[in-house]
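Note that the structure is a prediction, hence the values are computed from the model and not measured. Lettering follows sequence order; numbering is per chain, from 1.
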Number of protein chains: 2
Amino acid sequence: MKRKITLKQIAKELDVSISTVSKSLKDSPEISEDTKLKIQAFARMYNYKPNNIALSLKNRKTKTIGIIIPEIVHHFFATVISGIEQVANENGYNVIICLSDESFDKEVINMEMLANGSIDGFIMSLSKETQLKADYHHITEAINQGMPVVMFDRVTNDILCDKVIIDDKKAAYDAVQDLIDKGMKKIALVSTVDYVSVGKLRTDGYEKALLDNDIPFNKNLIIKVEDMDHCGEAIEKLLLDRAIDAVFAVNELFAVIAIKAAHKMGLNVPEDLSVVAFTDGIISQFSTPTITTVSQDGIKMGRKAAAMLIDRLQKEEAEEEHEEHEEHYRTEVIETHLIKRDSTK
Amino acid sequence: MKRKITLKQIAKELDVSISTVSKSLKDSPEISEDTKLKIQAFARMYNYKPNNIALSLKNRKTKTIGIIIPEIVHHFFATVISGIEQVANENGYNVIICLSDESFDKEVINMEMLANGSIDGFIMSLSKETQLKADYHHITEAINQGMPVVMFDRVTNDILCDKVIIDDKKAAYDAVQDLIDKGMKKIALVSTVDYVSVGKLRTDGYEKALLDNDIPFNKNLIIKVEDMDHCGEAIEKLLLDRAIDAVFAVNELFAVIAIKAAHKMGLNVPEDLSVVAFTDGIISQFSTPTITTVSQDGIKMGRKAAAMLIDRLQKEEAEEEHEEHEEHYRTEVIETHLIKRDSTK
DNA sequence: TTTCAACACGAAAACGTTTGCGCGACCCTT
DNA sequence: AAGGGTCGCGCAAACGTTTTCGTGTTGAAA
């Protein structure tokens, strides 16, 4: 149980100064070969490694990225983390992850926690509650303190920063258009409540596709799921009442519930009902039938977000207080495409 | 773009010493009320928060837990993280996550990285490659340096430390026994290669259940999946050759593949073939039919692991170099139970 | 022998905290 | 008026680094 060795201890042991040890380990020409070799050997023997915390304090940077997301038991978010981690690793960064649990307060607490020197920059996706309250003071504050922020997926126009998103509206439009092309006319939408930005955008895309094809936009064909438990019932009711021929769901969970509801009523998918979902995850790949989805490449999204953040950090470092902060923020759009599987004809 | 304010800046601004500022903010009785109020007001105005890195350096502890897992795009591991994060948060800890990607080298690099002062302790699950090589020097080293380690799920007897696992053998035994109770005799096992500890244990449980019921243990009914792509074929072959009546899969992915294979051959689940799987995840809940599984409560596992680690950290802090390190390590076993769904009769 | 460069190393500041201790100023007691 | 006590504050060390700027010793050139 020997604690990690420090420069000071090596110095004392070898009867030289701390600076001599430090310089020797960096192979500085200031130090004689003899001394260097002796110190290096000693350090290697005791497996000396510089203390990260001390380095962070000295360099005023931690080489750590803070990630704040609503939840982690969620295929999409897990893939994004995976993407972030890849790029972070490639560039010598670590990631520290905080979960907001869809709570505004936790999001704020976590951000303030990390903002006090623990990290060099944020990558985040807004919690539902934050989007509902539209209170972004914690983010503004972080940015004002010079902490770069990259938002992904659930973003807001109220904050100026780098963002990486998918074109939710267009993707939804394309998915619905595909249904229409196949002859569907009565297309139901199963969505979340409106304050979640992506839900709103996907609804917009759905509506536009209908209108562009001269299909009346019928509010009765839209289910806004507030609470998971009644989702199935609502869909069954719609199937019963309206004789719809397709369902467009904003996530795969809603889609699989729709399929189960259809089965329960003796309808076959895709023969009697086509189903398309947003977010290509595990469920879509393994449900029966497999579900046609809009791909939403989390890995790519995460990689892009991390690349943007690290790019900014490095630029910052290069400028080094030149104060020429070119406040030019970018919004990257990740391509999506429709993955055709067995839930559509 | 004002950088975060420091004690030094406040001191200079108010023309007092740094210590006076620090003590005032801690409401020390050493300082007069007047001065304290003035300083506190000023600090609040500038939203002063102590720098975490400086605190970490001073206190020799970071209030951060390092997590090393093979991958994150995996329901089970995601739930474990979620559990860890809950308890960590409740106790004022942050979590920093590294992915080994099932690679030994990455596991080593990540551990060494974090061990240099970045964290107070580890929670980890071994990568496949590490288990294959059975090389645990990096873990021993961390422990020798006084860094507490808690291992979960994929553990090894070669390392002495706190562990939290499920009783893989017993859980497998129970699952197979349940099949036997229902009249199954020809039960196939779809497993991973043996060096993954849990795969081995689950196989043992399967074997014991058979033998205890006087059912011959037939190696030909076992499929060791090396490579995902041929998994389906192997199962189909078995279904064709052997007329098996049940499949016990060590994870839900193998189970769903078995079900698909069965369907493809015109067999119905559960009428013609029962399927039970380990690891209760998303797939089991949403596949058709839903799959009977052995629950493996990741949240609980994560919570337990975090609790054990934090407990040890606090004990360490209390002892404070009393050197009375009671090296008594515990292994906690998380309860499992069979969740009966539609893939079994 | 004096002078100066080169060499090898150490002292100290800095990053941002916390905290034990010392010290001056004041007031009260005798 | 001298002694003692209290109050209010600052100094400095410590955590573990890196790096700039000395500084003492040596050897060679003048």
Side-chain angles (χ1 to χ4, degrees), chain A residues 2-40 43 46-64 115-120 145-146 317 320-321, chain B residues 2-40 43 46-64 115-120 145-146 317 320-321:
Chain A
K2 35 180 186 167
R3 278 218 111 57
K4 281 201 81 73
I5 198 166
T6 67
L7 287 186
K8 190 193 279 195
Q9 293 169 40
I10 299 183
K12 195 197 223 171
E13 211 67 38
L14 263 48
D15 206 41
V16 292
S17 78
I18 296 182
S19 16
T20 305
V21 178
S22 177
K23 286 170 188 166
S24 296
L25 296 180
K26 300 198 109 62
D27 211 25
S28 155
E30 265 186 278
I31 310 295
S32 73
E33 282 305 317
D34 275 6
T35 316
K36 278 198 285 193
L37 286 175
K38 192 177 61 184
I39 292 179
Q40 285 165 4
Y46 280 91
N47 192 26
Y48 170 81
K49 296 277 170 48
N51 179 302
N52 285 331
I53 298 291
L55 286 181
S56 293
L57 184 59
K58 177 134 233 321
N59 300 331
R60 321 260 234 103
K61 66 184 169 197
T62 61
K63 281 283 191 177
T64 302
N116 295 325
S118 302
I119 59 162
D120 294 343
Q145 284 174 2
E317 185 172 8
E320 196 70 34
E321 287 309 324
Chain B
K2 31 171 193 181
R3 277 216 115 57
K4 280 200 82 72
I5 198 166
T6 68
L7 286 186
K8 191 193 277 197
Q9 293 170 39
I10 298 182
K12 195 197 222 169
E13 211 67 37
L14 262 47
D15 208 41
V16 291
S17 78
I18 295 182
S19 20
T20 303
V21 178
S22 177
K23 287 169 185 168
S24 296
L25 296 180
K26 298 198 111 60
D27 211 23
S28 155
E30 265 187 279
I31 309 296
S32 73
E33 284 305 317
D34 275 7
T35 316
K36 280 199 283 193
L37 287 175
K38 192 175 64 185
I39 293 179
Q40 285 165 4
Y46 280 91
N47 193 25
Y48 170 80
K49 295 276 169 50
N51 179 302
N52 287 330
I53 297 292
L55 286 181
S56 293
L57 183 58
K58 178 134 233 320
N59 301 331
R60 321 261 234 101
K61 66 184 171 196
T62 60
K63 282 285 191 174
T64 303
N116 295 325
S118 301
I119 60 163
D120 295 341
Q145 283 173 2
E317 185 172 8
E320 195 70 34
E321 288 309 324

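Contacts of A:Thr6 with the nucleic acid, taken as non-hydrogen atoms under 4.0 Å apart, involve only primed sugar atoms and P, OP1 or OP2. Contacts of B:Ser56 with the nucleic acid, taken as non-hydrogen atoms under 4.0 Å apart, are absent.
Nearest-nucleotide assignment on DNA chain D puts the 5′-proximal partner with B:Val16, out of B:Val16 and A:Pro50. Comparing A:Ile5 and B:Ser19, the nucleotide of DNA chain D nearest to each residue sits closer to the 5' end for B:Ser19. Along DNA chain C, the nucleotide closest to B:Lys58 and the one closest to B:Lys23 are compared, and the more 5′ of them pairs with B:Lys58.
Proximity of A:Thr64 to A:Asp120: side-chain heavy atoms (C-beta onward) are nowhere separated by under 4.5 Å. Using a 4.5 Å cut-off on side-chain heavy atoms (C-beta onward), B:Asn51 and B:Thr6 make no contact. Inter-residue side-chain proximity for A:Lys36 and A:Lys23 is flagged as unmet; no heavy-atom pair is nearer than 4.5 Å. Inter-residue side-chain proximity for A:Ser32 and A:Thr35 is flagged as met; some heavy-atom pair is nearer than 4.5 Å. Put simply, the side chain of A:Asp27 reaches to within 4.5 Å of the side chain of A:Gln40, judged on heavy atoms. Using a 4.5 Å heavy-atom threshold, the side chains of B:Tyr48 and B:Leu25 count as touching. Counting heavy atoms from C-beta on, the side chains of B:Ile53 and A:Ile53 come closer than 4.5 Å.
To the nearest angstrom, P of D:dC11 lies 13 Å from CD1 of B:Ile31. Rounded to whole Å, the distance from CD1 on B:Ile18 to P on D:dA14 is 17 Å. Rounded to whole Å, the distance from CZ on B:Arg60 to P on D:dA13 is 18 Å. Rounded to an integer number of Å, the gap from B:Asn59 CG to D:dA13 C1' is 15 Å. The distance from atom CG of B:Asp34 to atom C1' of D:dC7 is 13 Å, rounded to the nearest whole Å. At whole-Å resolution of the value, CD1 in A:Ile53 and C1' in D:dA14 are 16 Å apart.
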**Request:** Under the side chain to side chain contact (heavy atoms under 4.5 Å, CB included) rule, what do B:Ile10 and B:Ile5 come out as? Steps first, then yes or no, please.
**Result:** CA-CA 7 Å; B:Ile10 298 182; B:Ile5 198 166; 3.8 Å; yes

**Request:** Go through the steps for B:Gln145 and A:Asn47 under the test side chain to side chain contact (heavy atoms under 4.5 Å, CB included), then give the verdict.
**Result:** CA-CA 11 Å; B:Gln145 283 173 2; A:Asn47 192 26; 4.2 Å; yes

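Of the N and O atoms on the side chains of A:Ser17 and A:Thr20, at least one donor lies less than 3.5 Å from an acceptor on the other residue. Looking only at atom types and distance, the side chain of B:Lys4 has a donor-acceptor partner in the side chain of A:Asn116 under 3.5 Å away.
Minimum atom distance to the side chain of A:Glu30 is reached by D:dC21, of the listed D:dC21, D:dT19, D:dA12. Closest contact between the side chain of A:Leu7 and the listed nucleotides D:dC9, D:dT19, D:dT17 involves D:dT17. With D:dG8, D:dT19, D:dC21 as the candidates, the nucleotide lying closest to the side chain of B:Ser32 is D:dG8.
In 5' to 3' order, the nucleotides of DNA chain C bounding all contacts with chain A (an atom under 4.0 Å from a heavy atom) are C:dA8 to C:dG16.
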**Asked** Once Watson-Crick and G-U wobble pairs under 3.5 Å are found, how is DNA chain C written in dot-bracket notation, 5' to 3', with | for any base paired to another strand?
**Response** ||||||||||||||||||||||||||||||

Please tabulate, one pair per line, each protein N/O and nucleotide N/O from nucleotides 24-27 of chain D that are separated by under 3.5 Å, including the distance.
none

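Pairing each heavy atom of A:Leu7 with each of A:Ser22, the nearest pair is CD1-CB, 3.9 Å.
The side chain of A:Ser22 contributes an N or O atom lying less than 4.0 Å from OP1 or OP2 of D:dT18.
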